[in-house]
Colleague: 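Here you go, one structure.
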Amino acid sequence: MPTLAVYPGSFDPLTNGHVDIITRGARIFDRIIVAILINAEKAPLFGMDERLEIAREVFKDFPNVEVDTFDGLLVDYVERRRAQVIVRGLRAVSDFEFEFQMALMNRRLNGKIETVFMMPAEQYSYISSRLIKEVFALGGRVHGLVPDTVEERLRQKVTTR
Ligand code: PNS
């Protein structure tokens with residue numbers, strides 16, 4: 001049976017750390033679904049359509065990467081998609097506690113679904129969507145930390161403000 005994995009997140013915005021994990025996942029699993037959570041934050045910087053567009057653009061040449069949205073419980077979405085695995089990235093020890101709680105809660109909610117943790121390349125181990133937004137808003141350089149399309153869109157948001 002083909003192994004189908006779901007990589008869930010807010011992706012506001014997609015960073016090169018996310019891209020690294022998805023690329024690694026696409027090599028291991030038959031298919032990986034990038035599942036963007038609807039309404040994670042009340043005021044996201046990037047709207048849902050834009051986040052979908054970005055991920056689809058970045059992974060257009062990856063036939064086994066799909067981009068989708070979900071709401072409600074993650075395990076329900078995973079089951080609905082008939083996937084077996086949840087992929088999460090682990091950057092540093094500080095990620096561990098929350099990820100551990102989520103993985104065990106998800107296992108309690110649905111024991112058939114396994115969470116698999118993957119580590120991004122070291123050069124991305126300190127970046128997060130939150131830091132990217134903060135650094136960019138304060139005039140810092142984020143080149144090389146996010147896909148080019150994200151950098152371009154960040155620039156447009158600043159100039160249209
Ligand atoms: O990118 P993020 O914000 O770290 O992703 C968090 C996400 C989307 C994986 C998590 O908030 C989630 O799964 N939300 C869906 C609701 C749910 O199932 N909550 C219980 C998780 S134990």
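Ligands are counted one by one from 1 in listed order, and the atoms in each one are counted from 1 as well.
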Colleague: Between M119 and R24, is any pair of side-chain heavy atoms under 4.5 Å apart?
Modeller: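 No, too far: nothing below the 4.5 Å cut-off.
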
Colleague: Geometry only, no angles: is S10 polar-contacting ligand 1 at N/O separations under 3.5 Å?
Modeller: yes

Colleague: Taking the six-membered ring of F46 as reference, does the cationic atom of K157 (NZ for Lys, CZ for Arg) lie under 6.0 Å from its centre and within 45° of its axis?
Modeller: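 Cation-pi check for K157 and F46: passes.
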
Colleague: Considering all heavy atoms of both residues, which atom of F62 and which atom of A26 are nearest to each other, and what is their separation?
Modeller: CD2-CB, 4.4 Å

Colleague: Taking atom types as modelled and ignoring hydrogens, do the side chains of R153 and T149 form a donor-acceptor contact shorter than 3.5 angstrom?
Modeller: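 There is such a pair between these side chains.
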
Colleague: Judging by distance only, is a nitrogen or oxygen of M102 under 3.5 angstrom from one on ligand 1?
Modeller: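 No; every N/O pair is 3.5 Å or more apart.
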
Colleague: When you check the gap from the basic side-chain N to the acidic O, do R81 and D68 get nearer than 4.0 Å?
Modeller: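 Here R81 pairs with D68 in a salt bridge, since their nearest N and O are under 4.0 Å apart.
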
Colleague: Pull out every atom of ligand 1 sitting under 4.0 Å from any heavy atom of M105, numbered as shown with elements.
Modeller: 22 (S)

Colleague: Numbering the atoms of ligand 1 from 1, which are under 4.0 Å from a heavy atom of G9?
Modeller: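 Every atom of ligand 1 under 4.0 Å from some heavy atom of G9: 1 (O), 5 (O), 8 (C).
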
Colleague: Any atoms of ligand 1 less than 4.0 Å from a non-hydrogen atom of G72? List them with their elements.
Modeller: 15 (C), 16 (C)

Colleague: For ligand 1, which atoms sit closer than 4.0 Å to a heavy atom of L73?
Modeller: 17 (C), 18 (O)

Colleague: Relative to the heavy atoms of L74, which atoms of ligand 1 are at a distance of less than 4.0 Å?
Modeller: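 By the 4.0 Å cutoff, the relevant atoms are 13 (O), 17 (C), 18 (O).
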
Colleague: Under 4.0 Å, counting heavy atoms only: does Q101 come that close to any atom of ligand 1?
Modeller: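 So Q101 does not count as touching ligand 1.
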
Colleague: In plain terms, say whether R130 and D12 are close enough for a salt bridge, that is, a side-chain N and a carboxylate O under 4.0 Å apart.
Modeller: no

